[in-house]
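See below for the structure under consideration.
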Amino acid sequence: MPKILVDEFYCKGCGLCVSVCPQGIIELDMGKITGKGYHPARLTDESKCTGCTSCALMCPDVAITVER
Amino acid sequence: MPKILVDEFYCKGCGLCVSVCPQGIIELDMGKITGKGYHPARLTDESKCTGCTSCALMCPDVAITVER
Amino acid sequence: MSEKVLMKGNEALAESAIRAGCRYFFGYPITPQTELAAYMAKRMPKENGVYLQAESEVAAINMVYGAAATGARTMTSSSSPGISLKAEGISYLVGADLPAVIINVQRGGPGLGGIQPSQSDYWQATRAMGHGDSHLVVYAPSTVQEMADYVYHAFDIADKYRTPVMILADGMLGQMMEPVVLPERKTEFIEKPWAACGHDNKRPHNVVNSLYLMADDLERLNIERFERYAEIKATEQRSESFLCDDAEIVVVAFGASARIARTAVKRARENGIKVGLIRPISLWPFPERAIERTMDTAKAYLSVEMNMGQMVDDVRLVVNGRRPVEFFGHTGGVIPTPVEVYIQIENLAEKVGA
Amino acid sequence: MSEKVLMKGNEALAESAIRAGCRYFFGYPITPQTELAAYMAKRMPKENGVYLQAESEVAAINMVYGAAATGARTMTSSSSPGISLKAEGISYLVGADLPAVIINVQRGGPGLGGIQPSQSDYWQATRAMGHGDSHLVVYAPSTVQEMADYVYHAFDIADKYRTPVMILADGMLGQMMEPVVLPERKTEFIEKPWAACGHDNKRPHNVVNSLYLMADDLERLNIERFERYAEIKATEQRSESFLCDDAEIVVVAFGASARIARTAVKRARENGIKVGLIRPISLWPFPERAIERTMDTAKAYLSVEMNMGQMVDDVRLVVNGRRPVEFFGHTGGVIPTPVEVYIQIENLAEKVGA
Amino acid sequence: MPKTHNIILAGFGGQGVLFAGKLIATAGLIEDRELSWLPSYGPEMRGGTANCSVCLSDEPIGSPLVLEPDALLVMNQPSFDKFIETVAKGGVVIADSTMIPKITMPFDVSVYTIPATQLSEEHDLKGLANIIMLGKLFKEIDFCSAETLDAALVKCIPAKKQHLLEPNRKALALGMDY
Amino acid sequence: MPKTHNIILAGFGGQGVLFAGKLIATAGLIEDRELSWLPSYGPEMRGGTANCSVCLSDEPIGSPLVLEPDALLVMNQPSFDKFIETVAKGGVVIADSTMIPKITMPFDVSVYTIPATQLSEEHDLKGLANIIMLGKLFKEIDFCSAETLDAALVKCIPAKKQHLLEPNRKALALGMDY
Amino acid sequence: MAEKSNILFERPEALLPVQNTYCPGCAHGIVNRLVAEAIDALGIEGKTIGIAPVGCSVTSYNFYACDMIQAAHGRAPAVATGVKRVLPDHVVFSYQGDGDLASIGMAETVHAATRGEKITVIFINNAIYGMTGGQMAPTSLPNQTTQTSPYGRDVTTAGFPIRVCELLSTLDGVAYAERVTVDTPKNVRKAKKAIEKAFTYQIDGVGYSIIEVVATCPTNWGFTPQGAFHWMRDNMLPYYPLGVYKDVKADGYKDIYEAAAARAAECPLVNKEGDR
Amino acid sequence: MAEKSNILFERPEALLPVQNTYCPGCAHGIVNRLVAEAIDALGIEGKTIGIAPVGCSVTSYNFYACDMIQAAHGRAPAVATGVKRVLPDHVVFSYQGDGDLASIGMAETVHAATRGEKITVIFINNAIYGMTGGQMAPTSLPNQTTQTSPYGRDVTTAGFPIRVCELLSTLDGVAYAERVTVDTPKNVRKAKKAIEKAFTYQIDGVGYSIIEVVATCPTNWGFTPQGAFHWMRDNMLPYYPLGVYKDVKADGYKDIYEAAAARAAECPLVNKEGDR
Ligand SMILES: Cc1ncc(C[n+]2csc(CCOP(=O)(O)OP(=O)(O)O)c2C)c(N)n1
Ligand SMILES: Cc1ncc(C[n+]2csc(CCOP(=O)(O)OP(=O)(O)O)c2C)c(N)n1
Ligand code: SF4
Ligand code: SF4
Ligand code: SF4
Ligand code: SF4
Ligand code: SF4
Ligand code: SF4
Ligand SMILES: [Mg+2]
Ligand SMILES: [Mg+2]
């Protein structure tokens with residue numbers, strides 16, 4: 001099953017992954033604030049991820065790993 | 001009658017006028033040396049000058065006046 | 001008189017230059033002077049003036065050279081690395097005897113360095129702003145008010161002596177806000193019969209130039225210029241003396257570091273040390289006379305700078321061995337603290353028995 | 001040992017640089033140093049080296065910066081206005097602690113000035129070759145032989161202290177021919193583990209940089225660099241003392257003007273004046289100790305320069321008021337004559353009773 | 001009686017601490033006092049922290065850089081951690097508790113917490129947490145008269161943003177009354 | 001016995017005075033003397049005048065710029081006019097009379113005229129007037145040995161121009177024998 | 001790079017495990033990664049030297065795992081030239097902003113290109129001076145509001161933007177010039193390909209290569225990252241059309257030397273044999 | 001200029017009665033004269049300011065009768081910009097060599113052009129650095145021997161010559177760019193026309209204008225003046241084809257602003273009304 005891992009050390013909560021995910025399964029976690037003060041991205045529904053890597057391709061902070 | 005006047009103050013004896021005169025009536029005066037050490041141009045046959053201004057157009061030192 | 005307003009030093013420089021009649025500003029962005037250019041970009045169009053962002057500092061100073069050659073009041077502004085790029089152009093301004101105003105809002109160096117305040121371009125400004133035997137008049141304001149006052153004055157001095165004038169500020173002065181009373185708009189300007197602005201068939205052609213292939217000609221011109229420099233040295237030294245009348249320790253500091261030194265001097269006075277502060281405002285000409293006047297009471301001098309020790313040479317050259325001259329400073333954008341300076345004063349006082 | 005050959009100073013600089021292992025030359029044409037570049041253009045291809053005519057002096061110094069960053073021995077050359085254009089780049093070399101050699105075959109300034117010999121970039125070279133707290137090691141040869149020797153030495157000093165080194169010559173030294181014995185080809189070079197030359201997956205990545213956004217970091221670095229400067233001052237002062245043992249008048253002169261001063265000194269000695277000559281070879285570090293050593297006998301100092309008076313400041317800073325220090329010079333490309341200098345010596349001797 | 005204030009205001013870029021500082025400075029201007037305002041500057045715009053030093057005094061101000069603030073207005077954790085130890089003895093700290101989960105209380109310093117960001121959201125004053133904080137600071141250290149503070153607000157809000165005046169006043173009041 | 005020589009060679013650019021000077025300097029090199037050669041430089045290439053100073057001595061040479069030459073080799077009128085008054089007392093002047101119509105003779109200076117340019121054309125040695133002049137100078141001031149002068153010629157003529165050696169020798173002889 | 005079979009996408013090894021300093025959503029981050037990916041793909045990290053001049057990406061010397069040199073504003077092509085001349089068998093790239101490359105560095109840019117330096121230039125056209133806080137860039141659009149064009153860029157006084165690919169393509173030294181963008185995963189893939197190809201041209205000695213990336217600056221434009229890409233698509237792409245502007249190999253030549261010789265076929269001196 | 005009926009050709013009044021300092025037969029002299037003739041023809045001497053940067057023509061500030069400014073090497077376009085911004089109703093020209101304009105001054109050249117400065121640039125392409133004694137220029141031909149390309153310009157190390165008209169024509173600010181030469185009376189007449197037209201475009205505010213003159217340097221090329229023109233015709237003209245490279249009016253536009261707007265028709269921001 002494909003899925004993504006967001007490394008919160010890198011993530012700046014820009015939301016680019018959110019807007020490009022064709023499955024609409026990424027959101028910013030408003031309940032969390034990283035050390036740098038950002039709301040990190042998180043996968044909302046692991047089961048829907050196709051592993052298309054769109055999110056990772058757009059991530060400027062190279063925070064996303066896509067696994068199968 | 002057209003003719004040219006060469007101002008020896010300006011002339012540097014480059015010979016460009018000599019080579020472009022369609023009438024072949026300009027030469028460098030080897031018997032003369034100007035203050036700067038050049039052989040100035042001179043008209044050899046006033047009667048043949050057509051006043052075409054070719055010589056003056058090519059003169060880099062603006063030494064030539066063409067009169068009618 | 002205008003009312004007091006709150007302004008950044010960079011903005012005060014810009015507004016005051018406009019009031020001094022400067023209508024031609026050519027610059028290139030660099031921290032920490034960007035507000036100056038931004039202010040000019042906003043205001044110049046409303047003044048029928050020109051704000052032009054040049055392609056580089058090199059282009060900017062040469063645009064200034066062109067505008068100055070026409071007789072216009074013109075200015076450029078940058079910070080340390082950008083000023084280095086202007087070196088050739090400034091030397092041309094000097095060589096062609098063109099008036100213009102150049103702002104250096106210094107930051108830490110060398111190289112790209114940092115963007116925090118520094119005074120490490122003192123030598124460059126006072127001795128070697130480019131090649132050749134050349135100088136500029138250099139002013140070092142230490143308040144936002146003086147930023148306004150001296151840039152205004154700079155245009156007059158530039159025109160009067162046909163010389164570029166530099167305002168040597170730093171990131172702290174550029175970025176800070178203080179109340180400032182802006183000068184009145186200048187309306188009368190000196191004639192510039194030498195300007196290359198089109199002869200309109202009314203006079204022989206004017207030539208603005210710094211090339212002299214005959215060494216004798218060039219020497220003659222340089223000597224004439226140094227005669228003007230002598231006049232500037234005689235009449236244009238500026239400084240502020242603070243508690244110097246009976247000072248046994250004389251602190252010398254300019255610009256931002258003078259503010260800190262002043263606090264330290266006050267504190268030392270409170271603690272009974274007879275200390276005063278000379279604050280050079282004109283860095284070139286260096287206020288030799290002000291320092292000379294302290295010689296009666298002074299037992300030692302302390303130069304406080306935001307660099308590794310530059311102005312201290314000028315203090316030494318004036319003092320000429322008659323008293324010890326010490327240095328204290330920070331570099332790279334670190335701002336000395338009043339306490340640090342106070343300790344230096346105290347130590348020096350102890351050492352020389354003041 | 002190589003045989004004596006007849007060479008122009010500019011050519012000797014080039015050939016000796018090649019023998020010192022310099023294989024990367026980046027320059028831009030300017031009188032009076034063109035022969036240097038022309039020589040490099042001829043020789044480098046035969047040495048498998050690179051001669052590249054850059055698009056400008058700015059580009060040339062930044063090519064040097066790039067080549068130096070890889071650890072290669074590299075050099076650029078220019079004359080006064082072109083050197084001003086290199087100011088920012090040189091400051092970057094200093095800031096990134098890169099070794100490189102820069103030649104300034106000085107001509108008269110300011111501005112475009114003239115093309116005749118001059119020493120008017122002394123201040124720029126010794127104090128303000130760009131912005132920031134920075135120095136370079138500066139050598140002033142005064143014969144074609146020394147042109148060869150010091151450019152050779154310069155590469156070693158540059159590598160050893162990780163600093164740019166400048167050869168401050170002038171049009172006379174560049175253009176004149178004298179016999180010269182060229183140095184042997186250098187074959188062993190210092191390691192440069194800091195170089196950015198591709199890590200080959202064998203070490204962590206190297207970074208060549210002069211940016212430090214934290215003021216504290218930048219200050220720390222500057223202080224470290226000044227510690228190196230202190231070592232240079234302690235160990236790398238170079239000068240020649242001529243007839244100084246009992247000298248009551250000490251002439252101080254470097255480079256081309258030292259040759260003239262030497263003739264004048266000899267003449268004055270013949271006429272019974274106790275005069276000597278200190279010839280600074282390293283202008284930075286200034287040979288303070290050599291001057292200090294003359295203090296026992298000296299009654300006065302005379303600085304002779306081809307400018308309006310620059311090195312005289314350094315002499316004054318060393319003498320520090322203990323003796324009078326006078327200046328004589330010509331500017332704009334005029335070369336002082338031995339007779340003029342002799343008269344100055346005579347007058348000064350009379351004045352101070354020497 | 002006016003006294004000397006050396007204030008640091010700190011937070012993330014975008015939280016408005018520079019503006020809050022400017023309001024204090026403007027109050028000083030209106031009351032014709034000696035004053036200075038100095039921002040931190042640099043690549044802070046990129047999501048980093050921002051702060052400014054404000055001095056009010058009756059004597060010319062030496063260094064505008066405040067190193068030992070007698071008042072600290074602070075709106076995020078990194079800034080709190082950075083500045084809390086520098087506050088002078090007897091100094092006052094106003095901390096936005098919404099943004100600063102870990103608050104320490106040094107000896108001899110009065111730390112006032114106020115959930116300014118949360119309050120601003122609750123009261124439909126989004127983006128005005130800085131002004132709420134300023135109200136609280138005003139209440140505690142009284143750096144100018146109340147009329148002056150209002151006048152400063154009027155002066156600092158640009159002509160074409162006058163509709164923001166009332167919300168700002170409300171935010172100020174909220175902080176003062178907290 | 002070798003003595004000190006301070007020589008100026010002057011003429012139009014292209015007449016070869018710099019090369020003639022280099023020959024003298026090379027002679028000095030071969031005889032292991034102290035020497036210097038300094039050209040005038042600059043935009044002279046553009047049909048203006050060119051000159052060089054050559055010093056030979058047994059002591060280190062101070063200024064390589066000769067201001068009072070004890071020998072002057074001169075090939076055009078402007079240079080003659082410029083330098084003739086600077087020649088030291090007792091000095092020697094070799095002047096190309098083809099190129100210098102107006103020759104003055106200062107007191108205490110020996111002026112030798114020689115129609116070098118004309119001679120060079122007559123003897124099919126076009127472009128070698130400078131060497132003819134040098135021959136004459138050698139004859140008058142004897143700045144090195146005859147073998148040295150020939151060796152200097154050999155050294156200064158580039159390898160691929162060795163066919164010019166003989167004409168140069170002829171020119172030299174022509175000047176020496178004039 | 002050892003590829004684990006269950007990994008579809010991961011951080012390239014040529015990027016060090018450090019946070020970059022770009023604003024959230026800034027295109028610089030994407031392009032930095034693409035360069036690192038290209039280095040990984042070609043296995044050249046050990047023999048690559050990157051040049052980081054001044055601009056928002058100046059600190060990228062901390063991000064890349066290859067050796068890095070920080071350069072003066074605008075001078076990256078000159079610095080790269082210095083490096084490449086010493087290390088002709090290494091791979092040298094510069095990563096430059098529009099202010100850096102097309103304003104202060106224009107002379108160095110044109111000359112490195114015309115010299116046909118075997119370097120790869122990654123050019124980030126974000127129509128603004130990001131690092132210094134949003135001043136007008138040489139590529140800012142007409143009417144674009146910036147800190148130094150507060151009333152919109154007035155072409156009558158501030159002049160016209162420069163189209164860099166179009167300009168450089170007139171020069172014989174350029175082997176490959178392409179304009180790409182990174183606004184969608186698809187375009188990111190294209191950009192990556194272009195960057196890899198540029199490096200390959202360098203390695204193969206074909207000539208100078210430049211990849212212009214039409215990019216964003218959400219912070220100084222005053223948009224969200226998404227909004228910035230929108231604005232970019234609407235306004236920048238019509239002004240800066242994507243595509244290949246020069247590719248000497250596609251034109252049928254081995255390298256720039258063949259292509260240039262063909263262009264100058266009429267000049268006898270150029271075609272003189274033996275001297276080269 | 002009062003024309004006497006019996007004079008067919010005489011020294012233009014805009015040239016002072018002084019000897020120029022060029023070598024015999026140097027094309028600089030011809031072009032200097034053409035510029036002066038254009039000034040006379042348009043009657044603008046009193047409101048013209050010329051910029052003479054470093055190069056063989058540096059001393060032309062002594063030759064022209066109009067006001068003159070000597071400029072630093074390469075910076076004439078910047079200096080001209082400074083002048084023109086103060087005196088928009090005056091006529092400003094710069095007269096630059098190839099080293100000056102296309103090497104050290106490339107950034108200033110490109111930027112004055114893209115800004116559409118209303119100045120006229122006279123560009124003397126003689127494929128050499130004349131003044132400094134014959135070094136390689138950015139326009140020296142492949143295989144051309146110069147002082148700094150003693151074995152002939154090797155394009156693999158020294159790179160390719162720059163074709164300036166082709167380069168600048170890609171920029172929106174350029175109203176008129178033509179390459180001419182002065183090797184024959186006929187071409188001299190054409191060059192004169194081009195120069196006059198360039199001045200006219202400036203006066204009419206059409207935009208930036210540049211006339212590139214393919215010229216000679218007999219001294220440093222080592223030819224007679226006639227031989228130099230020969231070599232130039234044989235080798236330079238095939239490399240630098242004569243002709244008009246850009247003429248916005250001929251293209252049907254009023255000025256650069258119309259032409260540029262048409263080119264950017266697809267960009268909404270450019271076509272935003274009201275803000276301009
Ligand atoms: C000589 C010099 N001038 C100016 C600067 C200031 N400066 C730093 S980055 C920059 C421009 C940045 O813009 P750009 O190149 O477009 O890069 P971006 O930040 O947009 O990626 C400037 C002007 C400098 N560091 N050095
Ligand atoms: C900053 C600087 N660098 C170099 C020079 C030296 N220099 C003077 S003119 C010139 C080039 C002349 O060539 P070009 O521009 O082609 O003009 P030309 O003489 O051929 O007409 C150079 C390099 C200088 N004066 N200033
Ligand atoms: S694109 Fe990257 S940085 Fe942006 S929110 Fe997604 S994971 Fe975080
Ligand atoms: S890999 Fe594709 S489907 Fe999965 S989270 Fe990323 S964008 Fe969405
Ligand atoms: S073209 Fe002019 S300078 Fe040349 S020879 Fe004829 S008149 Fe004399
Ligand atoms: S005007 Fe014509 S015909 Fe008369 S001399 Fe000149 S070129 Fe010859
Ligand atoms: S300022 Fe702009 S270009 Fe720079 S990092 Fe931020 S968003 Fe990116
Ligand atoms: S050197 Fe060349 S370009 Fe210069 S004046 Fe002489 S011939 Fe003309
Ligand atoms: Mg940018
Ligand atoms: Mg040229």
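Chain identifiers are assigned alphabetically (A, B, ...) following the order of the sequence lines, protein sequences preceding nucleic acid strands; residue numbering begins at 1 within each chain.
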Full working for side-chain contact (heavy atoms from CB on, under 4.5 Å) between Met308(D) and Ile223(C): CA-CA 8 Å; Met308(D) 293 296 288; Ile223(C) 290 174; 4.2 Å; yes
Show, in sequence, the C-alpha distance, side-chain angles and deciding distance for Trp123(C) and His135(D), and conclude whether the side-chain contact (heavy atoms from CB on, under 4.5 Å) test is met. CA-CA 11 Å; Trp123(C) 273 334; His135(D) 282 295; 3.6 Å; yes
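Not a single donor-acceptor pair under 3.5 Å links the side chain of Gln116(C) to the backbone N or O of Ala215(D). Listed for the Ser210(D) side chain is a donor-acceptor partner under 3.5 Å among the backbone atoms of Leu112(C). Asp121(D) places no side-chain N or O within 3.5 Å of a backbone atom of His131(C) that could act as its donor or acceptor partner. Not one N or O on the side chain of Thr331(C) forms a donor-acceptor pair closer than 3.5 Å with the backbone of Glu219(D). Of the possible polar contacts, none joining the Ser91(C) side chain to the Pro110(D) backbone as a donor-acceptor pair under 3.5 Å is found.
In terms of heavy-atom pairs under 4.5 Å with chain D, the best-connected choice from Gly333(C), Gly113(C), Ala128(C) is Gly113(C). Of all the listed residues (Gln310(C), Arg316(C), Glu57(C)), the one sharing the greatest number of non-hydrogen pairs under 4.5 Å with chain D is Gln310(C). Ranking Arg127(C), Arg225(C), Gln119(C), Lys86(C) against chain D, the residue ahead of the rest is Arg127(C), based on heavy-atom pairs under 4.5 Å. When each of Val94(C), Asn209(C), Leu85(C) is scored by its heavy-atom pairs under 4.5 Å with chain D, the top score falls to Leu85(C). Between chain C and the options Gly82(D), Gly130(D), Gly111(D), the largest number of non-hydrogen pairs under 4.5 Å is found for Gly111(D). Heavy-atom pairs under 4.5 Å with chain C peak, among Pro117(D), Gly309(D), Gly321(D), at Gly321(D). Counting heavy-atom pairs closer than 4.5 Å to chain C, the top residue among Asn320(D), Val58(D), Val325(D) is Asn320(D).
A distance of 4.5 Å separates CG in Leu317(D) from CG in Leu317(C), rounded to the nearest 0.5 Å. From Asp133(C), atom CG reaches atom OH of Tyr122(D) across 13.5 Å, with rounding to the nearest 0.5 Å. Rounded to the nearest 0.5 Å, atoms CG (Asn222(C)) and OG (Ser118(D)) are 8.5 Å apart. Distance check: Leu218(D) CG to Ser120(C) OG gives 8.5 Å after rounding to the nearest 0.5 Å.
Interface remark: Arg322(C) contributes no atoms to any contact with chain D (heavy atom separation under 4.5 Å). With a 4.5 angstrom heavy-atom cutoff, Ser80(D) touches chain C via backbone and side-chain atoms both. There is no contact between Ile83(C) and chain D, counting heavy-atom distances below 4.5 Å.
For the pair Asp313(D) and Asp313(C), the minimum side-chain heavy-atom distance is 4.5 Å or more.
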